[in-house]
Colleague: 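Take this structure, written in structure tokens, and hold onto it; I'll ask about it next.
Heavy-atom basis, side chains included; hydrogens, waters and symmetry copies ignored. All values derive from a computational prediction rather than experimental measurement.
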Amino acid sequence: MVTADAEHLPAGIVPEGGFDAILVTVDTWDLPWIDALTDGGRLVAPLRLHGYHWAIGFTKRDGALLSDEPLIVCGFVAMQGDGAWNANRRSVPGTGVHLSWEDGAPLPVDQLAPALTREPTVAHTTHVTVGGQEPFDGLTLYLAGALPGFCRLAVDPDGDNGVLNPPPKHWPGAAIVRGASLARLATKRISDGDDGNGLYEFVVHGYGPHGHLAAKEMAEQVQHWQRNHRAALCPRITIRPLDDNSPTTATGAPHVFVKKHTLVAIDWPTIPGTAALLTDDEGRYLLHLRSAHKPIWRPGHWALLGGHTEMGETCDEAIARELDEEIGLVIPDLTGFVTLDTLDASGAFKGRVRVYHGTLNTPAHEIELREGIQLRWTRIEEIDEMTMDPGAAAVLHAHHNADQPGGRQDATLPVVEVREPRDHRSRSIVGAHLVLLRDGAVLLGKRHPDSAFAPSTWHLPAGHREDMESAVTCMVREAEEETGLRIPQSDLSLVHVLDLLDPGSTVPRMGLFFAPSRWEGEPVVREPECCTEWCWWPLDALPEPIVEYTRVALEAISNGTFYVPMGWS
């Protein structure tokens, strides 16, 4: 047991040949212990990269640390002493906005003040969506390496900062600075999703005279990540000592971060899945019956030949290898046909496959099948009678209906989307609603005109509960997030239950209405992208327009009715 500052290990404690393993149990910005590790040894650390702590396992090879394992966002106490990290935090004067360059040279920020005192010049949509419970930390790490001037944006919680949809207190947003202009990544709720957790679209807000150009630049990188890396295998990370003379990526190159002792290079693999749509001169498709009792994609289904890329492989190399492994053949005319995107039941992105088209005129029984159960030449009208992989079926229909069935060589392929079926077990979306009464008046908020739900309409403070969250915990969280009010759980009482089925919806909603016996603070607009103002309205003179089920619930509460079914008849 040694007490010391680990930035500089005391002489004599490193064994000859180095340690077999090093486990770092504090959040560290750098890894100065490469030389203390034996070749082939393991180092595991919560490494800080651009605002997130990533639990990463490394193996030492030829003087460098290598990792091709999944990254896990985690939290640890910060390193102290000589190894403490410097956030390189700069504050924009008079705005309550703070920018941090943890892995890059800080840029001037004083010139950004005028940009943040006006409305954003543009909000670029990306058409890239994310589920309410789906992490997207990998995207921000990708943007950090792809965009010069990348930084983290935080705001004072009670300040008038001019930032739309400000990031949460402990999760600074991704941003880039371009002279007197700024762009910042945000999300916009576009639907509730089938699971009630919401479906969001990434948008980029631009501020300042050239904010539209900065926003466009960031939006294009989000779309590039979506097309090429989102569903790929985890990135490969290589960390070398700064004084290492071996060939390595130059500093200043994309996805290379210079730290105090080391150089961190991140290699982002491309699309993980490949598939071969093989047709013969009779217009039939070669389908592959997959094993039913192996832990593979779509066991027991008819599907296309193909498989995942391996580390360092391109999609072209992967499909050629997979065809050789599965049927021992080379298909000389393989060309890109479509990109197949799989979405989960709520519409959130789940996986991606690049589909190639080629021709083959060999009878199925003459093809040497090395993996799976059976090969079969199949006509399009037969697939409805087969247990088909939904993605393969969608690709077959896309090819059958195409004006030009041949493949394409260009990098931008048409996209075929297939959505996973929803779990048909009965379930409901649970919402918590705050009934705040004072002197016979109730607190209502005016929804933003661009809100996906009830735009420009009055509504109670409310929200959907998240995974593994009780309804009363949800109510406490939503109250503080939306209004700034602090309400202990013990001071909330359930005063009404609304059993709601919206017209045209297949998912019921259970609205739980809570009234507090006391609260701390006065209501303020904390989420201006959702609500523009809070007002107290007499219960006998509610404003128009108001969400209809809110009116029904408030009338029921006034009449002492605890439960109301709505929309079921």
Colleague: Please determine whether a side-chain nitrogen of the Lys or Arg among Arg48 and Glu102 lies less than 4.0 Å from a carboxylate oxygen of the Asp or Glu.
Modeller: yes
Colleague: As a quick check of understanding, evaluate side-chain contact (heavy atoms from CB on, under 4.5 Å) for Val24 and Val26, giving each step before the final call.
Modeller: CA-CA 6 Å; Val24 183; Val26 288; 4.2 Å; yes
Colleague: Which of these, Asp389, Val338, Val418, sits in a side chain to side chain contact (heavy atoms under 4.5 Å, CB included) with Val395?
Modeller: Val338
Colleague: Please say whether the positively charged group of Arg230, taken as NZ for Lys or CZ for Arg, lies over the ring of Phe136, i.e. under 6.0 angstrom from the six-membered ring centre and within 45 degrees of the axis.
Modeller: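 Judged by the rule, Arg230 and Phe136 form no cation-pi pair.
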Colleague: Would Val204 and Arg184 count as a side-chain contact (heavy atoms from CB on, under 4.5 Å) if you check the C-alpha gap in whole Å, the side-chain angles of each, and the deciding distance to 0.1 Å?
Modeller: CA-CA 5 Å; Val204 184; Arg184 180 243 163 170; 6.0 Å; no
Colleague: Could you state the interatomic distance from CZ (Arg240) to CG (Leu66), rounded to the nearest 0.5 Å?
Modeller: 7.0 Å
Colleague: What do you reckon, is CD of Glu385 surrounded by more than 12 foreign heavy atoms closer than 6.0 Å?
Modeller: no
Colleague: Are Leu23 and Leu43 packed together at the side-chain level, in the sense that at least one heavy-atom pair is separated by less than 4.5 angstrom?
Modeller: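 Counting from C-beta outward, Leu23 and Leu43 never come under 4.5 Å.
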Colleague: Determine whether the side chains of His255 and Tyr142 contain a donor N or O and an acceptor N or O closer than 3.5 Å.
Modeller: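 No, because no side-chain N or O of His255 sits under 3.5 Å from a partner of the opposite role on Tyr142.
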Colleague: Leu305 versus Ile327: any side-chain heavy-atom pair under 4.5 Å?
Modeller: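 Contact flag for Leu305/Ile327 side chains = yes.
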Colleague: Does Thr126 reach the main-chain N or O of Val128 with its side chain, forming a donor-acceptor pair under 3.5 Å?
Modeller: yes
Colleague: Parallel, tilted or perpendicular: which one describes the rings of Trp225 and Phe202, with boundaries at 30° and 60°?
Modeller: perpendicular
Colleague: Compute whether any side-chain donor of one residue and acceptor of the other, for Thr38 and Asp20, lie under 3.5 angstrom apart.
Modeller: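 Per modelled atom types, Thr38 and Asp20 side chains form no pair under 3.5 Å.
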Colleague: Do Trp29 and Phe257 pass the ring pair (Phe, Tyr, Trp, His ring centres under 6.0 Å) test, and can you show the C-alpha distance, the side-chain angles, and the key distance before you say yes or no?
Modeller: CA-CA 11 Å; Trp29 180 74; Phe257 309 125; over 10 Å; no
Colleague: How about His400: does its NE2 atom have over 12 heavy atoms from other parts shown lying under 6.0 Å from it?
Modeller: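 No, because the 6.0 Å sphere around NE2 of His400 holds 12 heavy atoms or fewer from other groups.
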Colleague: Heavy-atom count check: over 12 atoms from other residues, nucleotides or ligands less than 6.0 Å from Lys188 NZ?
Modeller: no
Colleague: For residues Met388 and Arg298, determine if any side-chain heavy atom of one lies less than 4.5 Å from a side-chain heavy atom of the other.
Modeller: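 Not touching, per the 4.5 Å side-chain cut-off.
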Colleague: Side-chain contact test, heavy atoms from C-beta onward, threshold under 4.5 Å: evaluate it for Leu65 versus Thr238 and give yes or no.
Modeller: no
Colleague: If you round to the nearest 0.5 Å, how far is CH2 of Trp268 from CD1 of Ile237?
Modeller: 8.0 Å
Colleague: Quick check: closest heavy atoms across Pro148 and Ala146, and the distance to 0.1 Å?
Modeller: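 Smallest interatomic distance, heavy atoms only, reads CD-O, 3.6 Å.
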Colleague: With rounding to the nearest 0.5 angstrom, report the CD1 to CG distance, Ile367 to Leu369.
Modeller: 9.0 Å
Colleague: So does Arg321 pair up with Glu317, basic N to acidic O under 4.0 Å?
Modeller: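 Result for this pair is no, no salt bridge flagged.
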Colleague: Under 4.0 Å between a Lys/Arg side-chain N and an Asp/Glu carboxylate O for Arg42 and Glu69?
Modeller: yes
Colleague: Would you call Arg236-Asp68 a salt bridge at under 4.0 Å N-O?
Modeller: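 Judged by the 4.0 Å cut-off on N to carboxylate O distance, Arg236 and Asp68 do form a salt bridge.
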Colleague: Identify whether the distance between the nearest side-chain nitrogen and carboxylate oxygen of Glu371 and Arg290 falls below 4.0 Å.
Modeller: no
Colleague: Determine whether a donor-acceptor pair (N or O, by modelled atom type, separation under 3.5 Å) exists between the side chain of Glu322 and the backbone of Ile319.
Modeller: no
Colleague: Starting at CZ of Phe58, measure out to CD1 of Ile56 and round the result to the nearest 0.5 Å.
Modeller: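 Atom-to-atom, Phe58:CZ and Ile56:CD1 are 4.0 Å apart.
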Colleague: Hey, is Arg370 close enough to Glu368 for a salt bridge, meaning N to O under 4.0 Å?
Modeller: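 Looking at Glu368 together with Arg370, the answer is yes, because their closest N to O distance falls below 4.0 Å.
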Colleague: Can any side-chain N or O of Glu382 pair as donor or acceptor with the backbone N or O of Arg379 at less than 3.5 Å?
Modeller: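 Flag set: sc Glu382 to bb Arg379 pair under 3.5 Å.
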Colleague: Could you verify whether a donor N or O on one side chain and an acceptor N or O on the other, from Asp27 and His53, lie under 3.5 Å apart?
Modeller: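 Yes - a donor-acceptor pair under 3.5 Å links their side chains.
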Colleague: So among Thr378, Leu289, Ile373, which one has a side chain to side chain contact (heavy atoms under 4.5 Å, CB included) with Trp302?
Modeller: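 Of Thr378, Leu289, Ile373, side chain to side chain contact (heavy atoms under 4.5 Å, CB included) with Trp302 is met by Leu289 alone.
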Colleague: Between the side chain of Trp377 and the main-chain N/O of Glu282, is any donor-acceptor distance below 3.5 Å?
Modeller: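 Such a contact is absent between Trp377 side chain and Glu282 backbone.
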Colleague: Evaluate the criterion side-chain contact (heavy atoms from CB on, under 4.5 Å) for residue pair Asn88 and Ser100; output intermediate values, then yes/no.
Modeller: CA-CA 5 Å; Asn88 284 324; Ser100 299; over 6 Å; no
Colleague: Do the side chain of Asp281 and the main chain of Asn361 share a donor and acceptor less than 3.5 angstrom apart?
Modeller: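 Judged by distance alone, no pair lies under 3.5 Å.
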Colleague: If you measure from the Lys or Arg side-chain nitrogens to the Asp or Glu carboxylate oxygens, is any gap between Glu529 and Arg189 under 4.0 Å?
Modeller: no
Colleague: Do Ile239 and Leu263 touch side chain to side chain, with heavy atoms closer than 4.5 Å?
Modeller: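 Result no, sub-4.5 Å side-chain heavy-atom pair not found.
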Colleague: Quick check: do Arg178 and Glu217 have side-chain heavy atoms less than 4.5 Å from each other?
Modeller: yes
Colleague: Rounded at 0.5 Å granularity, tell me how far OG1 in Thr359 sits from CG in Asp280.
Modeller: 9.5 Å
Colleague: Without swapping roles, check the side chain of Glu326 against the backbone of Gly306 for a donor-acceptor pair under 3.5 Å.
Modeller: yes
Colleague: Tell me whether the centres of the aromatic rings in Phe150 and His50 are closer together than 6.0 Å.
Modeller: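 Distance test on ring centres: under 6.0 Å, yes.
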Colleague: Please find the pair of heavy atoms, one from Asn165 and one from Ala186, that lie closest to each other, and give the distance.
Modeller: ND2-CB, 4.0 Å
Colleague: Taking all atoms of both residues into account, what is the closest heavy-atom pair of Ala276 and Leu323, and its distance?
Modeller: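 Scanning both residues completely, I find the closest heavy atoms to be CB-CD2, 3.9 Å.
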Colleague: Quick one, Thr309 with Cys315, criterion side-chain contact (heavy atoms from CB on, under 4.5 Å). Give me CA distance, side-chain angles, the key distance, then yes/no.
Modeller: CA-CA 6 Å; Thr309 57; Cys315 289; 4.2 Å; yes
Colleague: Within the distance-only criterion (no hydrogens, no angle test), does the side chain of Tyr356 pair as donor or acceptor with the backbone N or O of Asp316 below 3.5 angstrom?
Modeller: yes
Colleague: Is any side-chain heavy atom of Phe337 closer than 4.5 Å to a side-chain heavy atom of Thr335?
Modeller: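 No, too far: nothing below the 4.5 Å cut-off.
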Colleague: Check whether any side-chain N or O of His224 sits under 3.5 Å from a backbone N or O of Val222 as a donor-acceptor pair, and report yes or no.
Modeller: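 Flag not set: sc His224 to bb Val222 has no pair under 3.5 Å.
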Colleague: Indicate yes or no for a side-chain donor-acceptor contact from Asp324 to the backbone of Ala320 under 3.5 Å, with no hydrogens or angles considered.
Modeller: no
Colleague: With a 3.5 Å distance limit and no angle check, can you tell me whether Lys259 reaches the backbone of Val264 through a side-chain donor-acceptor pair?
Modeller: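 Not confirmed, Lys259 side chain does not pair with Val264 backbone.
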Colleague: I need the minimum non-hydrogen distance between Gly63 and Ile34, along with the two atoms involved.
Modeller: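 Minimum heavy-atom separation between Gly63 and Ile34: O-CG2, 3.5 Å.
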Colleague: Taking the side chain as every heavy atom from C-beta outward, state whether Met386 and Arg376 have any atom pair closer than 4.5 Å.
Modeller: yes
Colleague: Whether Asp39 and Arg61 form a salt bridge (side-chain N of Lys/Arg under 4.0 Å from carboxylate O of Asp/Glu) is what I want to check.
Modeller: no
Colleague: Out of curiosity, Leu286 CG to Leu277 CG, how far, rounded to the nearest 0.5 Å?
Modeller: 9.5 Å
Colleague: How about Thr262 and Asp30: does a side-chain donor come under 3.5 Å of a side-chain acceptor?
Modeller: yes
